[in-house]
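Here it is: the structure, laid out below.
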Amino acid sequence: MAKELNFKQELVGCYGFPVAENPTQAMIEPAFRDMGLDWRYLTLEVKPDDLPAAVAGARAFGFRGFNCTIPHKVAVIEHLDGLGESAELMGAVNCVVNRDGSLIGENTDGKGFVSSFREISDPSGKSMVLLGAGGASRAIGVEMALAGVRRITLVNRSEDRGRELEALFSGKLNEAAGGQLEIDYVPWTGDFSVPEGTDIVVNATSIGLFPDAEARVPLDIETLRPEMVVADVIPNPPETRLVRDARTKGCRVIDGLGMLVAQGVIGIEYWTGRSPNPAVMRSGLEEVFGD
Ligand code: NDP
């Protein structure tokens, strides 16, 4: 019997500007191959003015979904048909999913963080220091609170941004998390001393990102205790100075590559309904981040 031929691949991708250095394709396409799926992940440069046409294009081409990165995470919302709970709380979307023809905005950054954290410990009832108040911090704070974290100490250099996030966390987020959340904001001056009783310390700033790989997060590392989990969002290089320092203090560590892979896993699950192999995805990224 003749073999059935099908040259029509399923499409997903990433909209960003600039986007050429975004490595997501290097972890998603190997995962598709490993799953036996004839899908493509396209890295697409979309200028801000072209975003409405690009979303219309995704509908016209029948994309199964797409990631959004800088500068589209907020702007895309008005072009979508609905939002998931955490994307709604954050006011930002990084993963759009085509559900029966409706484009629904989700946010997988914080979900990826929670899933890498759960491999080590249970977030429930924990006390977390969150360094930074940008998009990554917002995503991690929202999902960790929804996953049961009890206390968040938010530390940020610019007070305006810190206070804005503090207001979101102690308002809408606290309500969604059942009213049990305790929030502090601490302006970041000098080396931050991690308070006694902290369970989790997260660097959600961009300090340490390539090419400033040796940049130091202003933190008194003598205040890190072996029972703490220390996480760094920086994916490149994954072995940041903070990651190294935390290991020497005996802490359990989550690196930024773990979080990046975990959010990619959730994206693939949303798009395909199947679970990919995270090890294949991590080695795809390690290949491109390698020396
Ligand atoms: P934003 O630009 O939104 O926020 C950056 C944050 O870092 C701000 O709070 C800023 O403070 C702080 N910051 C930057 N430089 C310094 C400094 N020298 N001293 C003190 N604070 C500083 O970025 P995002 O939140 O979107 O991204 C942050 C990092 O997270 C990026 O490196 C990105 O690569 C990474 N990321 C990783 C993901 C993963 O899956 N691993 C997912 C998403 C992001 P201020 O407000 O004072 O300027």
Side-chain angles (χ1 to χ4, degrees), residues 83-95 105-156 162-186 192 194-205 219 223-233 242-243 246 250-267 269-270 275 278:
L83 295 179
E85 184 194 16
S86 49
E88 176 99 55
L89 272 167
M90 289 171 211
V93 163
N94 78 332
C95 182
E106 299 281 359
N107 199 307
T108 58
D109 280 339
K111 291 187 203 312
F113 183 88
V114 171
S115 126
S116 5
F117 187 85
R118 282 196 199 282
E119 286 175 21
I120 295 189
S121 184
D122 177 0
S124 204
K126 297 281 191 315
S127 178
M128 173 167 81
V129 164
L130 191 50
L131 305 168
S137 169
R138 179 176 292 238
I140 291 167
V142 165
E143 295 292 354
M144 286 295 271
L146 294 176
V149 154
R150 189 66 181 274
R151 179 180 193 95
I152 300 177
T153 303
L154 188 60
V155 185
N156 198 56
R163 294 275 178 215
E164 191 189 319
L165 198 53
E166 181 195 22
L168 170 75
F169 284 0
S170 46
K172 275 204 290 183
L173 176 59
N174 187 25
E175 214 173 286
Q180 299 296 312
L181 200 54
E182 293 166 40
I183 305 292
D184 282 328
Y185 165 69
V186 181
F192 180 75
V194 177
E196 298 252 346
T198 299
D199 304 297
I200 311 161
V201 178
V202 184
N203 173 38
T205 73
L219 188 68
T223 57
L224 295 177
R225 303 264 168 268
E227 56 277 11
M228 294 176 183
V229 176
V230 175
D232 199 332
V233 297
L242 176 64
V243 162
C251 306
R252 286 166 298 166
V253 167
I254 299 170
D255 69 22
L257 218 46
M259 177 181 167
L260 189 60
V261 169
Q263 61 86 20
V265 165
I266 296 164
E269 286 170 349
Y270 278 150
S275 293

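Excluded from the calculations below are hydrogen atoms, water molecules and symmetry mates; all remaining heavy atoms, backbone and side chain alike, are included. Values in this document were obtained by computation on a predicted structure and should not be read as measured data.
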Do you know which two heavy atoms are closest between Phe192 and Val186, and how far apart they sit?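 Looking at all heavy atoms of both residues, the closest pair is CE1-CG1, 4.0 Å.
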
State plainly whether the residues Glu88 and Lys172 are in salt-bridge range, i.e. N to O under 4.0 Å.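 Salt bridge: no.
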
Return yes if some donor-acceptor pair links the side-chain N/O of Ser116 with the main-chain N/O of Gly112 below 3.5 Å, else return no.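 Pair found, side chain donor or acceptor close to backbone of Gly112.
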
Kindly compute the distance separating CG (Leu154) from CE (Met128), expressed to the nearest 0.5 Å.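 CE of Met128 is found 9.0 Å from CG of Leu154.
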
Is there side-chain contact between Phe169 and Leu130, with heavy atoms separated by less than 4.5 Å?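 Answer yes - side chains close enough.
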
List for me each residue that meets side-chain contact (heavy atoms from CB on, under 4.5 Å) alongside Arg163, sequence neighbours excluded, and say none if there are none.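 Arg163 satisfies side-chain contact (heavy atoms from CB on, under 4.5 Å) with Glu159, Glu166, Tyr185 only.
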
For a 4.5 angstrom cut-off between non-hydrogen side-chain atoms, does Met144 reach Ile152?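 Heavy-atom side-chain distance check fails, nothing below 4.5 Å.
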
Heavy-atom closest pair, residues Val261 and Pro278: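 Nearest pair, atom of Val261 first, then Pro278: CG1-O, 3.7 Å.
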
Would you give the length of the straight line joining atom CD1 of Ile266 to atom CD of Glu106, rounded to the nearest 0.5 angstrom?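 These two atoms lie 10.0 Å from each other.
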
Mind checking whether Ile183 and Leu173 have side chains closer than 4.5 Å, heavy atoms only?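 Heavy-atom side-chain distance check fails, nothing below 4.5 Å.
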
Closest approach of Val253 and Ile120, non-hydrogen atoms and distance?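 Distance-wise, the nearest heavy atoms are O-CD1, 3.9 Å.
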
Glu143 and Ser86: which non-hydrogen atoms are nearest, and at how many Å?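 Glu143 and Ser86 have their closest heavy atoms at OE2-OG, 2.6 Å.
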
Once rounded to the nearest 0.5 Å, what's the spacing between atom CG of Leu260 and atom OG1 of Thr108?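 So the gap between those two atoms works out to 9.5 Å.
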
Give a yes or no on this: more than 12 heavy atoms of other residues, nucleotides or ligands lie within 6.0 Å of atom CD of Glu269.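 Above 12, so yes.
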
Between Arg138 and Glu164, does a salt bridge (Lys or Arg N to Asp or Glu O under 4.0 Å) hold up when you go through it step by step? CA-CA 10 Å; Arg138 179 176 292 238; Glu164 191 189 319; 3.5 Å; yes

Does the distance from a Lys or Arg side-chain N to an Asp or Glu carboxylate O, for Asp184 and Arg151, drop under 4.0 Å?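 Here Asp184 pairs with Arg151 in a salt bridge, since their nearest N and O are under 4.0 Å apart.
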
Taking the side chain as every heavy atom from C-beta outward, state whether Leu146 and Val114 have any pair of such atoms under 4.5 Å apart.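 With C-beta onward as the side chain, the pair stays apart.
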
Find the distance between CG (Asn94) and CG (Asp109) and round it off to the nearest 0.5 Å.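 The CG atom of Asn94 sits 4.0 Å away from the CG atom of Asp109.
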
Specify the closest pair of heavy atoms between Gly105 and Ala87, including all atoms of both residues, with the distance to one decimal.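 Closest heavy-atom pair between Gly105 and Ala87: O-CB, 3.5 Å.
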
Do other residues, nucleotides or ligands put more than 12 heavy atoms under 6.0 Å from the CD atom of Glu227?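 Enclosed: over 12 neighbouring heavy atoms sit under 6.0 Å from CD of Glu227.
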
Taking the side chain as everything from C-beta on, heavy atoms only, tell me whether Ser137 gets closer than 4.5 Å to Leu165.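 Result yes, sub-4.5 Å side-chain heavy-atom pair found.
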
Sub-4.5 Å side-chain heavy-atom contact between Thr153 and Thr198: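 A side-chain contact is absent here, since even the closest heavy-atom pair is not under 4.5 Å.
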
Distance (rounded to the nearest 0.5 Å) between Asn107 CG and Leu83 CG: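 Asn107 atom CG to Leu83 atom CG measures 10.0 Å (nearest 0.5 Å).
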
Heavy-atom pair with the smallest gap, counting every atom of Asn174 and Gln180: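 What the structure gives for the nearest pair is OD1-N, 3.4 Å.
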
Within the side chain of Asp199, is there an N or O that forms a donor-acceptor pair under 3.5 Å with the backbone of Ser127?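 Such a contact is found between Asp199 side chain and Ser127 backbone.
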
So how far is it from Ser124 OG to Arg150 CZ, rounded to the nearest 0.5 Å?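 The distance works out to 9.0 Å.
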
